Each structure stands twice: as C-alpha cells, then as structure tokens.
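A quick write-up on the structure given underneath.
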Amino acid sequence: MRLIICDDSNNVAEWSAKYVMKRINDFKPNENKYFVLGLPTGGTPLGMYKKLIEYYKAGKISFKYVKTFNMDEYVDLPRDHPESYHYYMFNNFFKHIDIDPANVHILDGNAVDLEHECDEFERKMKEAGGVELFIGGIGPDGHIAFNEPGSSLSSRTRVKSLAQDTLEANARFFGNDINKVPKQALTVGVGTVMDAKEVMILITGSHKAFALYKAIEEGINHMWTVSAFQQHKRTLIICDEDATLELRVKTVKYFKALSEVHRKLIEDDGEPIPRRPQKDA
Amino acid sequence: MPESTSGQLKHFHNCQILRDGKILTEDLWVRDGKIIDPEKIFYDEKIESDVKIDCNGCLISPGFIDVQINGGFGIDFSHNVDKVEEGVTNVAKKLLAYGVTSFCPTLVTSPVETYKKILPKIKRTSGGDDGAAILGVHVEGPFLNPLKKGAHPESCIQKFEKGFQSLLDVYGSLENICYITLAPELENAIDVIQELEKRNIKISVGHSASDLKQGEEAVKNGASFITHLFNAMLPFHHRDPGLVGLLASDQIPKEKSIHYGIIADGVHTHPAALRIAHRTNPEGLVLVTDAISALGLQDGVHQLGQFDIEVRESRAYIAETNTLCGSIADMAECVRFFKKSTGCSVVEALEAATLHPARFLGIQSHKGVLNFGAQADFVFLDKNLHVISTWISGHCVHKA
C-alpha cells in the first residue's frame, strides 16, 4: 500500500486527477479496449473532478473510451433530486466531458427489483473486464461506499440499510429533516472494490484522521471497512496533512520519505504501473 | 422549423445563460424547438448531441417580448388597412435584428370599420424564419378617457354604453386579441373587465384619469397591467397617487399581480421616473418600446399616415417642428438604457424584457424563460448587451 501525503486538499485533488489522467493515457484505450473506472461521490472527490474537467478542456485527456461504474446510490430518491448521485455525477462531471452516456453505469435506486439491479451491476462490471482503477472516499467511521461498520469484508453489490449515524449526518442535505433522508442505499460491496486491479482512496480533513489511523495502523477490521484494503495488492491512499493527525510520527515520516518515488507516479515519463525504483537503474 | 432538423439534438456550449434569475455558466440543449433537460437525455436515452454549437462565451437570454409596438420600418399597424398581413409580416421579420422573438402588434384608437378590417387579419403565429411570433393583438382603445387621449383621435373614442356589447360591437371577434387597454373609470368598465377576464383576455388600464381607488377596483376585478406608466394618466399626487399608486398599493389581493409597461427610450420617461418605478416595484416592470412606424428608418423626412415625420438623431419629430411624435427605440436599446439609468443588474434588465412580459401574459411556462420545456426562443448577447444573433425554436433567424 502507498500513502501519499499532500499539503492540503487542493493538492489531493490535483494529485489524484493527474494520476487518473496518467493511468488512462498510459492505458491507451480504444474502441476495442476500454478503460474501466470506478467512481465515488461526495465532497472529497469534487476537486478531483474539477481538475479532470480542466484537463479534458485543455485536450490532455479524453473519456471517449472510458467506462464508469459508480459506487452507490440512494434508494427511492428521485433521480433528478439534487442529492441523488445521478444528479451529482451528471452536474459535477459527466456533462462537462466527452464520455458516451452508454458507457456510464450508476445503480438505479428506483428500480422495481433492487436485488436484480445489484446483480446486473456486478455482471456488467465483469462483462466490461473488471475495474481497472476504483476511486473511493471514506466516511469518518471508515466506511467505503455505503459499507458501514460491520459490513462483511467480502460483501458484493447489494441493498443496504443505513445506520442511524449516517441518517443523522445526511439530514443536513435534506433540509435538516431526518425523515426525508433515504433509509436505504444500493452499494458496491467491499469485495467488489477489492476485485479492482487498483484502488485509490482519497481522505482529507482532520475529522477523518482517526479513520485513516484505523485504516493503516491497526489490523483489518469490519468495523472500519476501509482497513480491508491492507490486503489489496495495489492500493493508493491520497491524504492531506490534516488527515494524518492521528498517525504516528514514524508512519508519516516513513511515507513522506517516499515522496520522490510517489511524485514519479504522476509524471509524464514515469512508470505507468509504478514500482519502487531499482538501485542500479 | 425546417423538416430536416426534426428530432435533431442541438447542444449550445461555451456560453452563459439566464435561468431562474441567475446568470449561469451552463450549456443549453434543444430538440424539436424546445429547451430540454440534458440529464434526461444522458441517463434515459444515453445519446450524444447531433450538433454542437460553440457560442464563443456569449450570454444567452430568452428572446425579448414587446407587448406594445405600433409598427416600424415605415409600417403603421393601425393605418395600414389594405396590406395588413404584409405589413405585420414585414415588421415581424425586421424585429428579429433587435432580439425580439415575440410581440403584440398594437392598434391605437381607430374608426370602427378599421377594427373589423384589421383585427381578423392579424393572427397569432409561432414565429420562425419569417419573423418574430405574434402573441395576439394589443388593442389600445377606443374605450379611453378623452381627457387622457394622448395621440389618439378623440372622434373615435367610445364608451361602454351597452356594457360588454359595446366592446363586441367595436371589435367584432375577440379571437385575435391578446389584451386591451381601457380606462377603468368609464361607466360599465368593471363589468366589461369581468367579462374579459372570463374570456382569458388580459386587461390593462391606461389613457385614464382614474384615481387609485378606481384603479384598485379594476385590478381586483381582473385588470393586471398598466399601459405606459406615467404617460396618459394623472400625474402622481401624494394625496391621490392615481394609477401610478398601483405600484405600491396594499389593496391588491395576494393572488393577483400587477405589471406595468414603461418606455425606457430615454425620451418618453425621465431616468429618475424610471428609477422611481423600478425601485418601487421591480417585479412588475415590463419594458415596452411603444415604437411607431419610424422605428428602423434612416434620418430624414418620411411620409407616415396623415403626418410627415422627421427622424433626427434617433428621435422622431413631426416634420419641421421639435414635437416628439413617438418612440423609435428598439427593445435591445431599451434594455441597455434601462440598465444604465437604474443601475440594475443584467438579470433585472433582461427579465424586464423577457420573464416579466411573459408573466403578464400568463405564458411564462414556455416563453420569456430558458427553463426545460420552454420554447427555444433566445438571443445571443455580447457583454454590452448588443444582439449577436436571434434564435426561434432553436433555429438561427438573425445574425448581426
């Protein structure tokens, strides 16, 4: 696992966007070879989307041969509701870029048969050849997508009832009326994300510092579902200084010492799939 | 709309648009003459646009709506009895250059025969390459107060002697009429207003010596507009504010609203009067040109109706005099002048020529706005609010 510590959330946005751009461009996607990208919503990745739009407008990247799969969506929330993830993705990303709408996949929380919707999502992901890069964020309780504390670490895409904590936290988005907060969501499972070839998790802000500590300094635990990625072959965690506040000095220093290596990951002439540099190379 | 573009999905990008009272950096999607929600296209139809139009960073406003215009380009709707259709079509076409996409041809007080000849010939149109849409005729008179006749011929002014029947006797069919300017203090006027409201014809008060109470009574019964505020009405007086007082009346029921037309040509309404109206009641303000046939004509003497008119430095005078004889300002000019003299925002200035007139006519769901489902009538403006191009049903009908 790599931990990339940036100065602030703007740098996290830039770093992650550059990484996505580099991965897609190095992949050289074409009509026979699509790059499959897993995408999150929420406040943390917003800056990354803004940067990617900027790169697209500057002609540095195209999404023509990119397929996307989103992590989650509320159940029974109208699709055009400003809090729906369909709305978020369209307005914060898709409408600004050249992606083919046919290549976009977001779970339909208004589907008649929700279980079937989830199974189909997994099937389509498989059919697309699996996710090349899954991007995620986490909650202060260490949940990834809607895999809240106690979720099975081998879970797949499914209907999930939301914890009271989450409902309360989300009430601010629904006119501070907890009764208006959707009580269920469709979400990819921890296992679904674990299947991706690479996972990139964005963590910013001091309120997520404890979760980052649980994610990397303690053992794998279903009460902090993001910790499962300790076992993933290729995980990148991109965080800002604030998010490191609960980490040991040793941990921070160790990863910061690798910052030169990390910088190469996003350089134009850097290795497409990064490796530690060989001493003699 | 030409046959070939049916079903075509147009995507206007690199622009700012006026929507929901804000100027947004947002693209505009159009299909089959209507503005559509791109999110639905994206998720439901999963298709991309057929045509992408780069707007070069311009501002897109809904097309201007002029609810009071007497003619232009040498044509006077009220005097052009023999070639009505030709005259109206001609004006409709030329108005496109000023960003006007819909208008109400206005007939001033005329002999009874004239109404019978002209009215049936000015039909509503949806607009397009041939010109701006005709929303219906505004008949300004003949049921006016002779004391406030303005430029209307007194000999043709009528009374509601037989109530609503008097009105039918004069106009014949009401089919092509959009709204009527009348003096509310006339006998039987209130009954007439009630009848008109039932028939969904809008009522404007004007050319009137009515006091505020009479004005309020008219509004309670269905009147919803004031014709060219300050002009042809009692001047504002602090003990009886007259029709001007309607702007700040507390007697207007909540469910009713009042709009008022105002000529912002820098000549007919003093900038200070414009500011007073705007600050008192910004939501009701509707810019009208009240333009006469000299609109769009070069400097010089022109024979118009019974008068010789001289155009000098963008003003129309009765020939060889200094007597002003009507507005020749175009709508885009009025928008700019209004903004400059009141210091209002771009949004306020544009809404006074788009949303407000549409709301007065009750067509704001599909005209005067750029909301989803609305008619794709709009105008590209530069940063100084000069017209770059005019579009009707998503189709370019004029380019500067």
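Chain letters run A, B, ... following the sequence lines, proteins first, then strands; residues in each count from 1. This one's a predicted model, so the numbers in the text were calculated from it and none came from an experiment.
Ranked by non-hydrogen atom pairs under 4.5 Å with chain B, the options D100(A), D108(A), N91(A), D98(A) are led by D100(A).
For I106(A), the part lying under 4.5 angstrom from a heavy atom of chain B is the side chain only. Contact of E26(B) with chain A is made through the side chain alone, with heavy-atom distances under 4.5 Å. Within the 4.5 angstrom heavy-atom criterion, no atom of I41(B) approaches chain A.
By the 4.0 Å N-to-carboxylate-O rule, E14(A) lies close enough to K18(A) to be salt-bridged with it. Comment: D44(B) does not engage K40(B) in a salt bridge, judged by the lack of any side-chain N to carboxylate O separation of less than 4.0 angstrom. Note on K256(B) versus E197(B): salt bridge recorded, some NZ/NE/NH1/NH2 to OD/OE distance being below 4.0 Å.
Within the 6.0 Å centre-distance limit, the rings of F63(A) and F93(A) are counted as a close aromatic pair.
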